[in-house]
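Working notes for the structure below.
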Amino acid sequence: MTTAVRPQMAVCPGCVAAPNGAVDDEPTEARLALSLPTIHCQACISTVERGLNAQPGVRSARVNLTLKRALIEADPDMKAADLIPVLEGLGFEAHELDIAALSATETDKAGRELLMRLAVAGFAAMNVMLLSVSVWSGASDATRDLFHWISAAITFPAILFSAQPFFRNAWQALRVKRLNMDVPIVLALVLTLVTSLWETSLSGEHAYFDAALTLTFLLLAGRYLDHRTRAVARSAAEELAALEVPRALRLDDGGEPAEVAVGDLAVGDHILVRPGGRMPVDGQVVEGQSELDRSLLTGETLPVFAEAGSVVSAGEVNLTGPLVIKATAVGKESSLHQLADLVAIAESGRSRYTSLADRAAKLYAPGVHILSALAFLGWYLFTFDMRVALNIAAAVLIITCPCALGLAVPAVTTAASGRLFKRGMLIKDATALERLAEVDTVVFDKTGTLTNGTPQADDFSALSPQDQQLAYALARGSDHPLSVAICNAAEAANVAPAPVTELREIPGFGTEAMHDGTRVRLGRAAWVGAEAGSKTAAFLDRGDGAAQSITFSDSLRPGAAEAVSALLEAGKEVWLISGDTDGAVRDLAQRLGITNWVSSALPQDKSARIMALSEAGQHVLMVGDGLNDTAALAAAHVSISPASALDAARVASDIVLLGQDLSPIAEACSVAQKATRRISENFRIATLYNVIAVPLAVAGLATPFVAALAMSTSSITVSLNALRLR
C-alpha cells in the first residue's frame with residue numbers, strides 16, 4: 001500500500017518513554033516536556049493545562065504559547081508517553097521533547113530586564129521633570145541649586161542601572177574598533193551627566209538631568225518594542241536535537257527489550273522500534289517487515305517498504321510493523337545530527353545580514369562625534385571658556401542623539417507585526433521585514449506546505465455500494481493513512497461496513513479478512529496481484545481475481561493557489577522544490593502554474609539550490625514545514641513556516657504562519673515593502689529634525705527645556721508615522 005501523507009504523530013506512545021536526560025536535583029519528581037504545535041490561543045492553554053492537571057501523578061502543568069510547549073512536573077514514575085494519549089483525546093497533537101537537550105531558559109529574562117530598566121528610567125524621569133518644571137518656572141537660585149542636587153541624586157543611580165544595555169553594547173563595539181548607534185548614546189549620557197554635575201557644583205543655571213533620563217527612557221522603549229517583535233527562539237540546531245527520540249528499546253543478549261537513553265546506544269546494538277515510533281539511530285533492519293515514512297527527512301510522501309537488510313535513518317517513522325534494527329551510526333554520526341550541522345552552517349551565513357539601523361549607525365555615529373567635537377573646538381577658540389564649550393558640546397550630543405533613530409525601526413516593525421498578526425502571521429526575527437521586502441524569488445516545499453499532507457480518496461464514490469462497504473470494513477483494521485482516508489470517505493457517505501471475520505493487518509502490505517467464506521484484501525498492488533499505476537493507490541481484492549483500485553491525492557492547502565498567483569503577478573520568481581516523486585511534483589507545479597520545479601530533492605539539495613540562487617544575486621523566501629526543510633529555511637534570505645510544522649522548522653524560520661491559509665504570504669511581502677519605506681521615511685524625519693535642531697545647539701540656544709522638547713517631538717512624529725501601517 002502506498003501513501004501521500006506525513007503522519008501527524010511522530011512519536012508513538014507505546015515506544016517512547018520520558019527522557020531520563022531530564023534529571024532534577026529532587027529525585028522524587030520528574031520533569032517532562034511536550035511540544036504542542038497546534039495550540040494557538042488562550043482557550044487551548046486552559047484546555048491543555050486543565051486536562052494534564054487532572055491526570056493522576058501530574059503535580060503541575062504549564063503551557064508556553066510562544067514556544068508551543070508544555071512543561072510538566074509529575075511523580076517520578078510518570079512518563080511523557082502516558083500523557084500523549086490524553087492530549088490526543090483533547091484534540092491536540094503532541095511530541096515528546098528531551099529536556100536535557102533544551103538549553104534555553106523558559107523565562108524571557110532579556111524582556112523582563114529591559115522592562116525593569118524602562119520602568120526605573122520612566123519613574124526617575126517623571127520625578128526629575130517635576131523638579132525641572134519648578135526651575136524652568138523661575139525658582140530662586142537657592143531653590144534651583146537644591147533641585148539640581150536632588151535631580152543629580154536621582155539621575156546618577158537611575159542612569160547607571162537603566163542604561164546598562166547601551167553601555168555594554170557600546171563597549172563591545174569599541175573593543176573591536178567599530179562604531180554603532182550605542183556609542184553616541186553613551187557619549188551623550190556621560191558628557192551630559194558630567195557637565196550637568198559640573199554646572200550644579202558651580203551653581204550654574206542649566207542642567208540636563210531631565211534630558212538624560214528622558215533620552216534613556218525613550219531609547220529603552222524603542223529597545224523593548226524591538227525585543228517584543230520577536231518570539232523567543234533558540235537555535236534550530238538545538239531544537240533538532242530536542243526532537244530526537246530520547247529513549248530507545250535495546251535488546252539484551254536474551255532478546256528482551258530494555259529501555260535506555262539514546263545516548264547510551266552504541267554501534268552494533270539491536271534496537272526494537274514499534275509501529276508509530278521514530279528511528280533513534282541510523283541502522284539496518286535485521287528482523288521484521290513494515291513501511292517507513294521518510295517525509296520528515298527527504299520529503300518523500302510514498303512510504304518505503306522495509307524488511308531485513310533495509311537501511312534506515314534516524315528520524316524516520318515506522319508505520320505498520322515492529323522492526324529490529326542494528327545500529328550503524330549513533331550520536332553525532334547520525335543523519336539527524338548531520339542535518340543539524342547543515343542548519344547551523346546556514347544560520348551563520350544569514351547572520352551576516354546588516355540591518356537598516358546598523359547601516360544608518362555607520363554614517364550617523366561618526367558624524368555626531370565630529371559635529372560635537374567641532375562645536376566644542378569652535379566655542380573654545382571663540383570664548384576660551386572651557387565651561388561654555390563643554391556645555392554646548394553636550395547640548396549638541398543631546399540634540400543629535402539618535403532618539404528618533406532609535407525608535408525609527410522598532411516603531412515600524414511593531415506596527416507592521418501587529419497588522420500581519422491580525423492576518424495570522426507572527427514575525428519572529430528583528431530584521432525579517434527588511435529582508436522580506438527585498439525578496440524577488442519564492443521557494444515552496446510541497447507536502448504539508450502547499451498541500452495539506454493528508455490523502456483523500458478521490459474515486460471512493462465511484463465504487464459500487466458493495467465494494468464501498470467491503471473497503472470500509474478492511475480499512476477499519478489499520479491505522480495506515482490511506483486506510484484512515486478510506487474510513488473518512490465512507491463515514492462522510494454514511495456507508496456501513498461489510499460483515500467480515502478474522503480481520504488482521506499484514507505489516508508492510510495491507511489488511512485481509514474473510515467475507516462470505518472468501519478471503520478479501522486491501523493493500524499494495526503487488527500483494528493483491530494488481531499492477532501499480534502512476535498515482536498513489538490502494539487495491540481492493542474481492543477474491544474474484546480482479547482488484548479494484550482506489551486512488552488518492554493530496555488536497556491543496558487553503559490559499560495556496562491564491563498565494564502563488566499573487567506572487568507571480570507581483571513579478572516574483574516562484575520555485576517548487578520537493579523530495580517527492582517526479583510525477584507528483586510536476587502535477588502540482590502544472591496545477592499552480594509554477595514553471596520552475598525540482599523533485600526528489602534531499603535536504604542538502606534544497607539548501608544548495610537556495611544558496612545557488614542567492615549567489616546569483618537573488619533574494620530568496622523559503623516556505624517549508626518539514627525536518628528536511630530546516631537547512632533550506634535557515635539558508636534562505638528570509639523564511640516562513642506554518643504553525644503545524646515541526647518545532648525545528650518553526651525555529652529555523654523568521655515568520656510563522658499561524659493559520660491554515662497561505663494567502664497572507666503575498667500580503668506580507670507587500671506590507672514588508674511598505675514597512676521598509678516607513679523606516680526610510682523615519683530616518684529622513686530624524687535627519688530633518690537634526691538639520692533644524694543642530695544649528696540651535698551649535699548656536700548655544702539649546703536649553704534643557706529645548707532639548708527635552710525636541711527629543712519628545714521627534715520621537716512622537718516617528719511613532720505616528722509608523723502607525724500609518726496599521
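Throughout, residue positions are numbered sequentially from 1 according to the sequence presented.
- Listed by chain and residue number, Val564, Val574 satisfy the side-chain contact (heavy atoms from CB on, under 4.5 Å) test with Leu568 (two or more places apart in sequence, or in another chain).
- In this structure, Thr451 and Arg557 have side chains that are not in contact, with every pair of non-hydrogen atoms separated by 4.5 Å or more.
- The side-chain contact (heavy atoms from CB on, under 4.5 Å) check on Pro465 picks up nothing, with sequence neighbours excluded.
- For Asp269, the salt bridge (Lys or Arg N to Asp or Glu O under 4.0 Å) partners two or more places apart in sequence, or in a different chain, are Arg250.
- Side-chain atoms of Gln284 come within 3.5 Å of backbone atoms of Gly309 as a donor-acceptor pair (strictly under, hydrogens ignored).
- Judged as a side-chain hydrogen bond (donor to acceptor under 3.5 Å, both in side chains), and not counting sequence neighbours, the contacts of Asn318 are Ser290.
- Applying the salt bridge (Lys or Arg N to Asp or Glu O under 4.0 Å) criterion to Arg542, with sequence neighbours excluded, gives Asp467, Asp544.
- With sequence neighbours excluded, the residues satisfying side-chain contact (heavy atoms from CB on, under 4.5 Å) with Asp582 are Arg586, Trp597, Ser599.
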Donor-acceptor contacts, no H, no angles, side chain residues 489-510, under 3.5 Å, sequence neighbours left out:
unit_1: Glu491; atom_1: OE2; unit_2: Tyr472; atom_2: OH; d: 3.2
unit_1: Arg504; atom_1: NE; unit_2: Glu512; atom_2: OE2; d: 2.8
unit_1: Arg504; atom_1: NH2; unit_2: Glu512; atom_2: OE2; d: 2.6
unit_1: Glu505; atom_1: OE2; unit_2: Ser478; atom_2: OG; d: 3.0

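- For Ala329, the side-chain contact (heavy atoms from CB on, under 4.5 Å) partners are Asp282, Glu333, not counting sequence neighbours.
- By the salt bridge (Lys or Arg N to Asp or Glu O under 4.0 Å) test, Asp661 is found to be paired with no residue, residues two or more places apart in sequence or in another chain being considered.
- In this structure Thr47 satisfies the side-chain hydrogen bond (donor to acceptor under 3.5 Å, both in side chains) test with no other residue, sequence neighbours excluded.
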